[in-house]
Amino acid sequence: MIDFTLNDEHRLLEQSIREWGAQNVAPFIRENDRRHHFDRDRILDGMAKLGLLGISVPQEYGGAGMDYIALGLASEELEYVDTSLRVIMSVHVGLNCLTLLAWGSEDQKQRYLVPQAQGKKIAAYGLTEPGAGSDARAIQTTAVKKGDRYVLNGEKSWISLADVADNFLVIAWTDLEKKKQRDTAGLSAFIVERTFKGFSSGPMKEKWGILAGNTGFFTLDDVEVPEENIVGRLGEGFKIAMFALDQGRFTVASGATGLIRACRDASVKYARERQTFGVEIGQHQLVKEMIAQMESDYQTSRLLWLRSGWLKNEGRRNTRETGLAKWFATVASERAAGDAVQIHGANGYSDEYPVGRFWRNCKGAVIYEGTREIHKIMQADYLLGYRTDRPTRCELPPHRG
Ligand SMILES: Cc1cc2nc3c(=O)[nH]c(=O)nc-3n(C[C@H](O)[C@H](O)[C@H](O)COP(=O)(O)OP(=O)(O)OC[C@H]3O[C@@H](n4cnc5c(N)ncnc54)[C@H](O)[C@@H]3O)c2cc1C
């Protein structure tokens, strides 16, 4: 049976994030955005206190033990305030913690997942490199075995929380012959700590969106990683990287849905305040059209991520549905943000109103975790029979409540 009713836990979660965001983030976000400042203590402490940093991680591993709908709701509420908040959910919870939950050894869960879920350590995900984004097989980072350790060398770029995170899930080639053949069975996944010798990071200084967030690069210069930090088995790195994206994309989809709602609410408010030709601009049919489109995009995006969250709760494969939700919601958020600026006229072109920030922030999500084009190709390939999802060795644990 289909049931769209949120339970009491969900409603309380939404309410707590709204109150925290309104009191602790909204008053400062414009200034932090302008100053390109990631307000680490305020944001991470607040999110940890709300239990968000381990939201869908079972309590036995330090998390809040909530379901995947809760993860989507949190992402939607956080991005309603600012995209930088939702990015933390995407990389720390989606890409990293949930991957360790599904693929990590018990020892890795105790050493890394527990402190991460408790919010004591922050985690990130390193796949992209200066020469490889969509084409993940083109990465150059290598991990060469030396005794009971692996020596990692390479550079990862455009990494969310690169200057903030303590632990990184890093994808690297462990089989150099397979690297030459671009055979993904030669890729492996490692947990790398910032404190490991040879690790260094820095910011992407010229970034023009998500300015209150942290995005950077890190370099691995002969970084020695113990063998027990390989996630999954040797050669499972590509599968793990793709599995992680199934979780990250879910938060990006639900987050973009929150951004559409923020655009809609700001536009409705402004359309009731601003007058032209003797009437509120909301009276003009062409303005109504933009607002109606925002509502249509919001409701559709929400249904798509809710379906995906339901599939996750049921323990069913959802790569196809999550990809569709991510593609639709991010493209729709770009449309909503562009129109929100338009409705605000010249005022939308100023930081005095939030819609300019929404517009700068929305674009990243149309690029990361699978570009718009990659998602289009994926959806077409499913239909054409060029792509099917094979079962993976490890799956996200279901949450049936
Ligand atoms: C704000 C931000 C945060 C990010 N955070 C992270 C992170 O935490 N961790 C991480 O690993 N990465 C992160 N990324 C990187 C992101 O995942 C990549 O930018 C993305 O995968 C695209 O890769 P690219 O930038 O190299 O573009 P490219 O792959 O070079 O693509 C360039 C263009 O060509 C198009 N294109 C490429 N291949 C095809 C094809 N086969 N068919 C049609 N069109 C194609 C693309 O759609 C795009 O329009 C982040 C990026 C941004 C902007």
So do the side chains of R307 and L304 get within less than 4.5 Å of each other, counting heavy atoms only? yes

Does a sphere of radius 6.0 Å around CD in Q285 hold more than 12 heavy atoms from other residues, nucleotides or ligands, not counting ones at 6.0 Å or beyond? no

Go through the steps for N96 and N167 under the test side chain to side chain donor-acceptor pair (under 3.5 Å), then give the verdict. CA-CA 9 Å; N96 194 305; N167 306 327; over 6 Å; no

Verify whether one side chain among Y112 and N229 offers a donor that lies under 3.5 Å from an acceptor in the other. yes

Give the C-alpha distance, both sets of side-chain angles, the deciding distance and a yes or no for side chain to side chain donor-acceptor pair (under 3.5 Å) between T322 and N318. CA-CA 6 Å; T322 301; N318 55 86; 2.7 Å; yes

Heavy-atom nearest pair, H399 first then G65, reads NE2-O, 3.0 Å

Test salt bridge (charged side-chain N to carboxylate O under 4.0 Å, His left out) applied to E224 and K145, R149, K197, the passing residue: R149

Should T392 and K239 be marked as a side chain to side chain donor-acceptor pair (under 3.5 Å) after you check the CA-CA gap, both sets of side-chain angles, and the distance that decides it? CA-CA 8 Å; T392 50; K239 288 182 186 142; over 6 Å; no

Nearest heavy-atom pair of A329 and I260: which atoms, and what distance? O-CD1, 3.8 Å

Both conditions, 6.0 Å and 45 degrees, for the charged tip of K312 above the ring of F250: are they met here? yes

For K269, look at atom NZ and say whether over 12 heavy atoms of other residues, nucleotides or ligands are found less than 6.0 Å away. no

Give a yes-or-no answer on whether the side chains of S105 and D107 include a donor-acceptor pair shorter than 3.5 Å. no

In terms of side-chain geometry, is the basic nitrogen of R86 or E76 positioned less than 4.0 Å from the acidic oxygen of its partner? no

cation_pi(R261, Y80) dist<6.0 Å, angle<=45: yes

Heavy atoms, side chains only, cut-off 4.5 Å: are W158 and F217 in contact? no

Determine, using ring centers only, whether F168 and F190 are less than 6.0 Å apart. no

How about NZ on K179, more than 12 heavy atoms from neighbouring residues, nucleotides or ligands closer than 6.0 Å, or not? yes

Less than 4.5 Å apart, any side-chain heavy atom of M66 and any of L13? yes

Is the ring pair Y270/H344 parallel, tilted or perpendicular, if the boundaries are 30 and 60 degrees? parallel

Any salt bridge linking D8 with R11? Criterion: basic side-chain nitrogen under 4.0 Å from a carboxylate oxygen. yes

Is it the case that over 12 heavy atoms from other parts of the model lie below 6.0 angstrom from the CG atom of L383? yes

Less than 3.5 Å apart, any donor N or O on the side chain of E289 or Q293 sitting next to an acceptor on the other? no

Contact between K156 and V170 at the side-chain level, heavy atoms closer than 4.5 Å - yes or no? yes

Closest heavy-atom pair, A340 versus V355, reported as atoms and distance to 0.1 Å, is CB-CG1, 3.7 Å

Measure from NZ or CZ of R42 to the centre of the six-membered ring of F28, then state whether that distance is under 6.0 Å and the direction lies within 45° of the axis. yes

Would you indicate whether W359, at its atom CH2, is surrounded by more than 12 heavy atoms from other residues, nucleotides or ligands within a distance under 6.0 Å? no

Less than 4.0 angstrom from a charged side-chain N to a carboxylate O is my criterion; do R357 and D82 meet it? yes

Give me the atom names and distance for the closest heavy-atom approach of F328 to D297. CZ-OD1, 3.7 Å

